[in-house]
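In what follows, chains are A, B, ... by sequence order, proteins preceding strands, each numbered from 1. All values reported here derive from a predicted model rather than from experimental measurement.
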Amino acid sequence: MHDIRFIRDDAKSFDEAMARRGLEPQSDAILAVDQERRQIITTLQELQQKRNETSRQIGDIKKAGGDADAIMAEVAAIKSEMTALEEREKTLGEDLDAMLLSLPNILDAGVPDGADESDNVELRKIGEATAFSFPAQDHVALGESLGMMDFAAGAKLSGARFVVLKSGLARLERALASFMLDTHCGEFGYQEILPPALVKSETMQGTGQLPKFAEDLFHTEDDRWLIPTAEVPLTNLVANEILDADDLPLRLTAYTPCFRAEAGAAGRDTRGMIRQHQFSKVELVSIVEPDQSDDELERMTSCAENILKRLGLSYRVMMLSTGDTGFSARRTYDIEVWLPGQDDGKGMYREISSCSNCGPFQARRMKARFRNKGDKDTQFVHTLNGSGLAIGRTMIAVLENYQQEDGSIHIPDVLQPYMGGMTTLKLS
RNA sequence: GGAGAGGUGGCAGAGUGGUUGAAUGCGCCGGUCUCGAAAACCGGUAUGGGCGCAAGUCCAUCGGGGGUUCGAAUCCCCCUCUCUCCGCCA
């Protein structure tokens, strides 16, 4: 959500910012509604003041035993005048909110211009493409021949884009999640949270999934929504709160299932576990003071990268272009892991984490503020979120990068304690 | 799911139609006192919004929404959350 005062003060800059998002100038329409609304509010408040004063007089007169009929008629006239104005004000307020809620965040000046992901900029590349002395298989072939990955069973139970994992791979999911949580909580200062996976519309609006992106979500009959990421419940934990500056930064992490309708992705990534309706993820969320959010984005990204380094996986970090940066973000870094089994064994990089600084955009929607000790005024916090990491895709990366010629999988050292000392996944 | 009781300022807790944005206590901030501190005393201490350069001023808000009334924290309706008892249940 945007600050209406910023649009009033600097409509030109606002329109330029929207232009970077590929949008037509918005400020004229917004300010027209805003101006009419404020005029109405002013006259409405004058009428309210008059009504309040007159009502007080009526009380005095009645207490003194006088006749208040004439003055009561006066109030009746004021009230009838107010009714129409109140309705108009309500409509204008809703219109204004609808406009402000549907526009994307203003992009950071450092975000490269571009139409789509092909214009993203590579910031760094860590590690080399994994070398094999044999043709690399993809995770589907590996997982199925191990007897631990069953897409037919997933389809039988739930339809397309679901999978059933068994024995070693089922356990690997748990191992990856524990490893990530232990690292983020034990070493990077995140607090572990176990949030609900089903949330209210209001909560989805706070982080920006609603009202625009309902088609990407699963909706329950009692009007709740399945979370597409733990960013939603974690970030909304501070909704409608006024925090002490002393309590910031807040660093939260959660391992949750994530549900995505993938409405716009029909036909894309249909093979394997890359794109599922349900997957799990360890999410990182930071709530910080405004002047800290740029640094916090770097820190958060390095926390996510650290997991990949310890797993011995190669990756690159991309800064998303203006055309690829999500609705709520001001700046986003994607971490892409090397998957040697993709593209017919030629290998390719695939997104495994996305870290975004949302600035005050979500905070304004959520009314999440903080106050410095002794200060009277409040400010909106800045919010950040990032994957640390997506478990399903990390599993794919482990399978494809640690595969051996016989189709067994070497388990990365850091995961072995979480696998009961197991060193290899193989057909039993 | 059934029955009942409640949601008031950072917290505790008054308040059942007329200067109540809201007593009182605690907490917090500032001050007096003190070598310093404690205690005591004095003052301050919600959020959002309109107008205004500002000082300021006005409006709204006592879980949320609607209604009754000249006037509602106080009355009525709906929703929601919490607590107690019963039932059911992982």
Whole-Å P distance, rG67(B) and rU8(B): 25 Å
Taking the same atom, C1', in rG30(B) and in rU84(B), what whole-Å distance lies between them? 45 Å
Flag for E231(A)-T235(A): side-chain donor and acceptor within less than 3.5 Å: no
Rounding to an integer number of Å, can you tell me how far D97(A) CG sits from rG49(B) C1'? 13 Å
In whole Å, I'd like the distance from the CG atom of D247(A) to the C1' atom of rC28(B). 15 Å
Are F361(A) and F327(A) close enough that their ring centers fall under 6.0 Å? yes
Under 30°, 30 to 60°, or over 60°: which ring-plane class applies to H277(A) and F162(A), parallel, tilted or perpendicular? tilted
Each nucleotide in nucleotides 60-68 of chain B should get exactly one letter: B, S or -. Can you fill that in based on protein heavy atoms under 4.0 Å? S--------
Calculate the interatomic distance between E36(A) atom CD and rG50(B) atom C1'; express it in whole Å. 15 Å
Give a yes-or-no answer on whether the side chains of T203(A) and N236(A) include a donor-acceptor pair shorter than 3.5 Å. no
Give R5(A) one of three labels, base, sugar-phosphate or nothing, depending on what nucleic acid heavy atoms sit under 4.0 Å from its own. sugar-phosphate
Length of the CG-C1' vector between D244(A) and rG27(B), whole Å: 13 Å
From R299(A) atom CZ to F188(A) atom CZ, the distance as rounded to the nearest 0.5 Å: 8.0 Å
For the P atoms, the ones on rG21(B) and on rU16(B), what distance do you get once it is rounded to whole angstrom? 15 Å
Can a donor-acceptor pair be found between the side chains of N306(A) and R310(A) at a distance below 3.5 Å? yes
Partner of rG6(B) under the Watson-Crick or G-U wobble criteria, both distances under 3.5 Å, comes out as rC81(B)
Taking side chain to side chain contact (heavy atoms under 4.5 Å, CB included) as the definition, give me every residue that meets it alongside E53(A), ordered by chain and number, with sequence neighbours left out. Q49(A)
Watson-Crick or G-U wobble partner of rU61(B), both distances under 3.5 Å: rA46(B)
Nearest-Å distance once atom P is located in both rA14(B) and rC75(B): 16 Å
rU69(B): pairing nucleotide in any strand, Watson-Crick or G-U under 3.5 angstrom: none
Taking 4.0 angstrom as the limit, do D113(A) and R20(A) come out as a salt bridge? yes
Using the P atom in both, what is the distance from rC59(B) to rA22(B), to the nearest Å? 13 Å
The Watson-Crick or G-U wobble partner of rC41(B), with both key distances under 3.5 Å, is rG31(B)
Just how far, in rounded Å, is C1' of rG71(B) from CE of M72(A)? 9 Å
Can you check the E46(A) CD to rG49(B) C1' distance for me, whole Å? 15 Å
Reckon K79(A) has a side-chain N or O less than 4.0 Å from the OP1 or OP2 of rG71(B)? yes
Going 5' to 3' through nucleotides 76-81 of chain B and flagging B where a protein heavy-atom sits under 4.0 Å of the base, S where only the sugar-phosphate is that close, and - otherwise, we get ------
rG9(B) and rU74(B), which share atom name P, separated by this distance in whole Å: 14 Å
Heavy atoms of other groups near E187(A) CD, more than 12 under 6.0 Å: yes
Rounded to the Å, how far apart are I242(A) CD1 and rU45(B) P? 16 Å
Taking the P atom in each of rG18(B) and rC28(B), what is the distance between them to the nearest angstrom? 36 Å
Please indicate whether K309(A) has more than 12 foreign heavy atoms, meaning atoms of other residues, nucleotides or ligands, lying under 6.0 Å from its NZ. yes
Go ahead and name the base partner of rA14(B); Watson-Crick or wobble counts if both distances stay under 3.5 Å, otherwise write none. none
Looking at CZ of F380(A) and CE of M1(A), how far apart are the two atoms once the value is rounded to the nearest 0.5 Å? 8.0 Å
Extract from the structure each pairing of a protein N or O with an N or O of nucleotides 51-53 of chain B at less than 3.5 Å, listing the distance.
from    : atom 1 : to     : atom 2 : distance (Å)
rC51(B) : OP1    : R38(A) : NH1    : 3.2

Who passes side chain to side chain donor-acceptor pair (under 3.5 Å) against S302(A), sequence neighbours left out? none
Can you tell me if CZ on R224(A) sees more than 12 non-hydrogen neighbours from other groups inside 6.0 Å? no
Name the pairing partner of rA22(B), where a pair is Watson-Crick or G-U wobble with both distances under 3.5 Å, or state none. none
Ion pair check, E262(A) and R260(A), cut-off under 4.0 Å: no
Could you pull out the protein-nucleic contacts involving nucleotides 16-21 of chain B (nitrogen or oxygen on both sides, under 3.5 Å)?
from    : atom 1 : to     : atom 2 : distance (Å)
rG18(B) : N2     : S55(A) : O      : 2.9

Could you work out the separation of rG6(B) and rG13(B) based on their C1' atoms and round it to a whole Å? 14 Å
With both distances under 3.5 angstrom, what nucleotide forms a Watson-Crick or G-U wobble pair with rC88(B)? none
Measuring from L427(A):CG to S145(A):OG, what's the distance to the nearest 0.5 Å? 7.5 Å
Consider side-chain contact (heavy atoms from CB on, under 4.5 Å). Of E36(A), R37(A), M82(A), which one does E89(A) pass it with? R37(A)
Atom CG of L92(A) and atom C1' of rG49(B): how far apart are they, to the nearest Å? 15 Å
